[in-house]
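This report concerns only the one structure given below.
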Protein chains: 2
Amino acid sequence: MNRERPYRQALENIQNAGLRPTRQRMALAKLLFDGNDRHVTAEILHREADDSNVKISLATVYNALHQFTDAGLLREIVVDPGRSYFDTNISEHYHIFNEDSRQLLDIALDQIGLTRLPAISADQEINRIDVIVRVKNLI
Amino acid sequence: MNRERPYRQALENIQNAGLRPTRQRMALAKLLFDGNDRHVTAEILHREADDSNVKISLATVYNALHQFTDAGLLREIVVDPGRSYFDTNISEHYHIFNEDSRQLLDIALDQIGLTRLPAISADQEINRIDVIVRVKNLI
DNA sequence: GTGTTTGCAAAGTGTTTGCAATTTA
DNA sequence: TAAATTGCAAACACTTTGCAAACAC
C-alpha cells in the first residue's frame, strides 16, 4: 500500500469537484474516502477530525459534506428523524439500519431484488429508490 | 353514509389505545381516520384542526401523534430530513415521495415486488422494510 | 377527588446563515 | 489582490419538556 494514496485520492476528489484543496477539506476527504464504504453524520465526522488533531468547525464539516454531496462524491441518506447520514458508496445499493445502535450498513442490490418499478405520472421522473431494512436487536 | 361514523371511529380508536377521548384527541382522530389514507406532519394536522375551528396547541398535536403511533394507529415515515410524516395506512406498503412538492403517497406492495430479504445477523430481527421511491417533477 | 391531559413557554437538537478574518490561487 | 473559504455566534426549523391550570372519570 502506498502511503501517499489517501492524500492523492482526497486531492483528486476535491479538485474534480471544483473545490480548493484546503487543509479542512483535505482532512475530511482523507477520513471519508479511505477506500471503505463509510456512513457518517456531520457530528461523527467532526469528532473524527478532532480525534486526529485537525481543528475544523462543525459549520465547515456541514459545508464540506454538502459540497461533496453536490459533487456526487457522497450520497445523503434519510433514516433518522432529525439527523442526516452521508454515504461514501455512491453506487446503487440499499441499506440496513439498526434502530438501537443507529448504525447504517450497505446491502448489495442482489440481496433484495426489486422486480418492478412503480408507475410514475408523466410529468415526474424517478430520482432514486431508497430501500431501508430497519432492524432491532433481539432481547 | 352515516354521519356518526367519524365520531364512532375516532372514539373507538382512542379508547382502544387506552386514552381518554378528550376534545383535542377526538378532533385529531376525526381528521386522521376519515377512511382515506393520509400522510400528515404535525404542522399540517395542526393547521387542519385550526381550519376546522378546533383550537389545539402544537404540543398536543405532537403528543397525540406519538400516542396514536405507539398504539399502532399510525406509522411514522422518515423521508424528509427534519420533518416527520405520519401515515394512517398501517398495512404493509411502500411510498412515493415527491421531493419538489414534499408530497408522500402510498404504493401497493405489488407495484414494487421485493423478491428477497437480506440476511440478518442472528441477534437482530427485521422490524420493517421501507421502500421510498423518490421522484422529481420534470422541467 | 384523583389521575390524566392540555397549553404555554422554555429548552433541546440538528442544521444553516451572516459576516469579518483568513487562506488560496 | 481578488475570490474562495473558514469559524464563530446567532438564527433556524422542528420537536420535546416542565409544570400549573383544566379536564375526565
Side-chain angles (χ1 to χ4, degrees), chain A residues 7 10-31 39-50 53-71 73-74 76-86 97 102 104, chain B residues 7 10-31 39-50 53-71 73-74 76-86 99 102 104:
Chain A
Y7 175 84
L11 183 63
E12 209 172 281
N13 278 328
I14 290 170
Q15 289 184 329
N16 286 345
L19 299 167
R20 290 182 177 179
T22 62
R23 179 180 63 82
Q24 293 87 337
R25 284 186 189 133
M26 285 295 288
L28 296 176
K30 277 190 247 173
L31 288 168
H39 301 88
V40 300
T41 62
E43 200 203 339
I44 290 171
L45 188 58
H46 184 237
R47 183 161 28 74
E48 288 184 5
D50 229 45
N53 292 306
V54 187
K55 295 287 162 272
I56 309 184
S57 77
L58 187 55
T60 298
V61 174
Y62 276 106
N63 283 339
L65 285 171
H66 287 135
Q67 290 155 349
F68 293 169
T69 301
D70 291 345
L73 298 171
L74 295 176
E76 188 173 359
I77 318 279
V78 185
V79 271
D80 214 356
R83 186 184 264 85
S84 273
Y85 284 75
F86 295 84
F97 182 63
R102 330 215 99 169
L104 190 61
Chain B
Y7 175 83
L11 184 63
E12 208 172 281
N13 278 328
I14 290 171
Q15 288 183 330
N16 285 347
L19 299 167
R20 291 183 176 178
T22 61
R23 179 179 65 81
Q24 292 86 336
R25 284 185 188 135
M26 283 296 287
L28 297 176
K30 278 191 247 175
L31 289 168
H39 301 88
V40 300
T41 62
E43 199 204 339
I44 289 171
L45 189 58
H46 185 238
R47 185 160 29 73
E48 288 185 5
D50 229 44
N53 291 306
V54 187
K55 295 287 162 272
I56 310 183
S57 78
L58 187 55
T60 297
V61 174
Y62 275 106
N63 283 339
L65 285 171
H66 287 135
Q67 290 154 349
F68 294 169
T69 302
D70 291 345
L73 299 171
L74 296 176
E76 189 173 359
I77 318 280
V78 185
V79 270
D80 214 355
R83 185 186 263 83
S84 273
Y85 284 76
F86 294 85
E99 312 220 288
R102 332 215 98 167
L104 189 62

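The sequence lines fix the lettering, A, B, ..., with proteins before strands; numbering per chain opens at 1.
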Minimum heavy-atom distance Asp80(A)-Arg102(A), with the two atoms named: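 Asp80(A) and Arg102(A) have their closest heavy atoms at OD1-NH2, 3.2 Å.
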Glu43(A) side, atom CD; Ser84(A) side, atom OG - distance, nearest 0.5 Å: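 If I round to the nearest 0.5 Å, the distance is 13.0 Å.
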Gap separating the CD1 atom of Ile44(A) from the CD atom of Glu48(A), nearest 0.5 angstrom: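 Going from the CD1 atom of Ile44(A) to the CD atom of Glu48(A) covers 7.0 Å.
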Any pair counted as salt bridge (charged side-chain N to carboxylate O under 4.0 Å, His left out), so long as it reaches residues 14-23 of chain B, sequence neighbours left out: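 Found none.
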Among residues at least two apart in sequence or on other chains, which ones pass ring-ring contact (aromatic ring centres under 6.0 Å, His included) with His46(A)?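 Listed in chain order: nothing, the list is empty.
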Under 4.0 Å, counting only non-hydrogen atoms across every strand here, what does Ser84(B) touch: a base, just sugar-phosphate, or nothing?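 Contact class for Ser84(B): sugar-phosphate only.
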Can you pull out the residues from residues 57-67 of chain B that lie within a 4.0 Å heavy-atom distance of DNA chain C?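 Contacting residues: Ser57(B), Ala59(B), Thr60(B).
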Tell me every residue that passes salt bridge (Lys or Arg N to Asp or Glu O under 4.0 Å) with Glu76(A), counting only those two or more places apart in sequence or in another chain.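 In terms of salt bridge (Lys or Arg N to Asp or Glu O under 4.0 Å), with neighbours along the sequence ignored, Glu76(A) is linked to no residue.
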If the condition is salt bridge (Lys or Arg N to Asp or Glu O under 4.0 Å), which residues does Arg47(B) pass it with, not counting sequence neighbours?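 Arg47(B): no salt bridge (Lys or Arg N to Asp or Glu O under 4.0 Å) contacts found.
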Starting at atom CD1 of Ile44(A), determine the distance to atom P of dT15(C), rounded to an integer number of angstrom.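 Whole-Å distance recorded here is 11 Å.
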Taking side-chain hydrogen bond (donor to acceptor under 3.5 Å, both in side chains) as the test, write out the residues that go with [X], two or more places apart.
X: Asn16(B); result: none
X: Arg83(B); result: none
X: Gln24(A); result: none

Which dot-bracket string fits DNA chain D when only Watson-Crick or G-U wobble pairs with both atom distances under 3.5 Å count, crossing pairs get [ ], and | stands for a partner on a different strand? |||||||||||||||||||||||||
5′-ward residue of the pair Leu19(B)/Glu43(B) relative to DNA chain D: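 Nearest nucleotide further toward 5': that of Glu43(B).
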On DNA chain D, which is the earliest and which the latest nucleotide, 5' to 3', with an atom closer than 4.0 Å to a heavy atom of chain B?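 Using the under 4.0 Å cut-off, the span is dC14(D) to dC25(D).
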Would you tabulate the nitrogen or oxygen pairs shorter than 3.5 Å linking the protein to nucleotides 22-25 of chain C?
unit_1, atom_1, unit_2, atom_2, d
dT24(C), O2, Arg20(A), NH1, 2.9

Do Phe86(A) and Thr69(A) pass the side-chain contact (heavy atoms from CB on, under 4.5 Å) test, and can you show the C-alpha distance, the side-chain angles, and the key distance before you say yes or no? CA-CA 8 Å; Phe86(A) 295 84; Thr69(A) 301; 3.3 Å; yes
Checking side-chain contact (heavy atoms from CB on, under 4.5 Å) against Leu28(A), which of Val40(A), Leu45(A), Leu65(A) comes through?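 Looking at Val40(A), Leu45(A), Leu65(A), the match for Leu28(A) under the side-chain contact (heavy atoms from CB on, under 4.5 Å) is Leu45(A).
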Side chains of residues 54-61 of chain B: which donor-acceptor pairs under 3.5 Å do they make with residues two or more places apart or in other chains?
unit_1, atom_1, unit_2, atom_2, d
Ser57(B), OG, Thr60(B), N, 3.2
Ser57(B), OG, Thr60(B), OG1, 3.1

